[in-house]
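Structure first, then comments.
In what follows, chains carry the letters A, B, and so on, assigned in the order in which the sequence lines appear, proteins first and then strands, with residues in each chain numbered from 1.
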Number of protein chains: 2
Amino acid sequence: MNVKTNHRATVFIGGAVGRWRVDAMQAVAGPALASVSRVAVVGDAEHPCAGAWSLTGVPSYVRYVERREREELRALQAPLARAEATCAALIPIRKSEAWWELTQEARRDIFEARSHHIANSMRFLPGIARQLYHSRDLGEPFDFLTWFEFAPAYRAAFEELVCELRSTEEWTFVTREIDIRLLLE
Amino acid sequence: MNVKTNHRATVFIGGAVGRWRVDAMQAVAGPALASVSRVAVVGDAEHPCAGAWSLTGVPSYVRYVERREREELRALQAPLARAEATCAALIPIRKSEAWWELTQEARRDIFEARSHHIANSMRFLPGIARQLYHSRDLGEPFDFLTWFEFAPAYRAAFEELVCELRSTEEWTFVTREIDIRLLLE
């Protein structure tokens with residue numbers, strides 16, 4: 001059992017406390033997570049509260065984005081924690097073993113050439129800020145924790161973004177997905 | 001502090017116990033690790049003994065290897081724990097922030113097109129078995145734990161392999177490296 005602190009890690013704790021109130025929670029694929037009323041987002045060193053569940057991820061280095069795309073992303077994207085971004089979504093995702101058995105080039109091909117993950121997401125910048133956390137190597141139940149923040153005016157755009165992602169070839173590899181909508185209140 | 005067990009993880013514990021006796025330990029770059037007499041290799045769930053240090057890594061999915069290369073590697077490579085492989089090397093490595101700031105394509109370009117990491121290593125298969133463990137996302141002091149196993153007859157070949165790797169462009173990004181040679185006795 002690892003009792004070392006992972007200073008890179010962010011922990012999402014579902015329970016009765018935390019800045020974010022749960023507005024809706026839905027198991028899109030695979031087993032649900034226990035229903036909770038609030039989510040706290042903390043560093044691994046803090047871990048202040050017990051909850052019904054906790055999910056840990058690391059905002060790791062880029063795996064698929066190419067240089068030109070990264071420059072565009074950096075020019076367009078918004079930071080987290082903007083005052084107006086009072087809506088958020090935490091969408092933990094697990095992909096199949098078939099996905100992880102693919103080589104890097106095959107994953108990149110499905111991710112961008114055929115699913116247009118980066119290009120489609122870019123259309124929603126800077127309104128919808130996002131952060132990807134990697135969990136797979138931490139032995140977590142999910143492979144990724146995807147996090148989105150936006151102002152209430154972008155709610156419809158966010159539905160469109162999520163809908164588009166779920167209709168891609170990449171998403172056929174998703175075996176577990178929970179959609180947790182949050183409000184800063 | 002994360003007290004969950006990471007079932008994917010392997011832990012190398014340097015201390016007074018363990019199957020592997022330390023034959024030599026050298027800090028090639030950056031600060032040394034405390035000298036120890038033995039190394040135990042355990043799963044994260046076991047973690048049976050306290051040591052002077054412990055290093056954790058995950059044998060993760062492939063990051064740079066392309067399909068044709070992976071097929072060649074799979075055809076050639078030897079499994080770990082062969083009876084005759086009584087020599088091993090544990091070489092933990094940390095790479096610079098400049099490396100991690102590169103995009104995937106730039107890292108792949110340095111890794112294979114310019115450093116021939118895969119092609120050079122393939123020459124030493126199946127005599128020298130190897131396993132790469134990823135540590136960076138675990139918040140560990142090293143980014144990778146590289147592990148090699150070979151019969152005593154391959155000692156000279158292993159020196160050649162290590163020498164070649166250290167002379168590559170990829171290795172100019174290595175900021176910390178410890179070379180730990182082990183014997184099964």
Side-chain angles (χ1 to χ4, degrees), chain A residues 1-11 13 42-48 50 53-71 73-74 95 97-109 111-112 118 132-141 143-144, chain B residues 1-11 13 42-48 50 53-71 73-74 95 97-109 111-112 118 132-141 143-144:
Chain A
M1 189 147 74
N2 192 356
V3 291
K4 289 193 268 188
T5 297
N6 182 348
H7 290 286
R8 296 187 191 279
T10 296
V11 187
I13 302 170
V42 300
D44 193 31
E46 314 169 47
H47 226 317
W53 43 260
S54 78
L55 302 174
T56 306
V58 175
S60 192
Y61 55 96
V62 294
R63 307 286 161 95
Y64 304 116
V65 177
E66 297 185 345
R67 187 187 307 270
R68 181 190 49 75
E69 292 160 351
R70 190 171 64 176
E71 282 165 11
L73 283 169
R74 284 190 170 163
K95 285 182 174 170
E97 290 309 307
W99 171 264
W100 296 108
E101 269 298 299
L102 294 171
T103 58
Q104 172 73 25
E105 62 190 331
R107 290 195 303 267
R108 158 79 200 184
D109 191 46
F111 182 84
E112 188 53 26
I118 302 164
L132 177 66
Y133 298 89
H134 294 257
S135 291
R136 181 174 174 81
D137 283 354
L138 308 183
E140 287 278 311
D143 294 336
F144 303 101
Chain B
M1 189 146 73
N2 192 356
V3 290
K4 289 191 269 189
T5 296
N6 182 346
H7 290 286
R8 296 188 190 280
T10 295
V11 187
I13 302 170
V42 299
D44 194 29
E46 312 169 47
H47 226 315
W53 44 259
S54 79
L55 302 173
T56 305
V58 176
S60 191
Y61 56 94
V62 296
R63 309 286 161 95
Y64 304 116
V65 177
E66 297 185 346
R67 187 186 309 269
R68 180 189 49 74
E69 292 159 352
R70 191 171 63 176
E71 282 165 13
L73 283 169
R74 284 189 171 163
K95 285 181 174 170
E97 291 308 309
W99 172 263
W100 296 108
E101 269 298 300
L102 294 172
T103 58
Q104 173 71 25
E105 62 189 332
R107 289 196 303 267
R108 158 80 200 183
D109 190 47
F111 182 84
E112 188 53 25
I118 303 164
L132 177 66
Y133 299 90
H134 293 257
S135 292
R136 181 175 174 82
D137 284 354
L138 308 182
E140 286 277 311
D143 294 336
F144 303 101

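Of the listed residues B:R108, B:E101, B:H134, B:H7, the one with more heavy-atom pairs under 4.5 angstrom with chain A than any other is B:E101.
Between B:Q104 and the choices A:E66, A:R70, A:Q104, the side-chain contact (heavy atoms from CB on, under 4.5 Å) rule is met once, by A:Q104.
Residue contact with chain A, scored on non-hydrogen atoms closer than 4.5 Å, involves the side chain of B:E105 exclusively. Heavy atoms closer than 4.5 Å to chain A are found in both the backbone and the side chain of B:R67.
To the nearest 0.5 angstrom, B:R68 atom CZ is 11.5 Å from A:T103 atom OG1.
Nearest heavy atoms, A:V58 versus B:D137: CG2-O, 3.0 Å.
Side chain of A:R8 to backbone of B:L138: no donor-acceptor contact under 3.5 angstrom is found.
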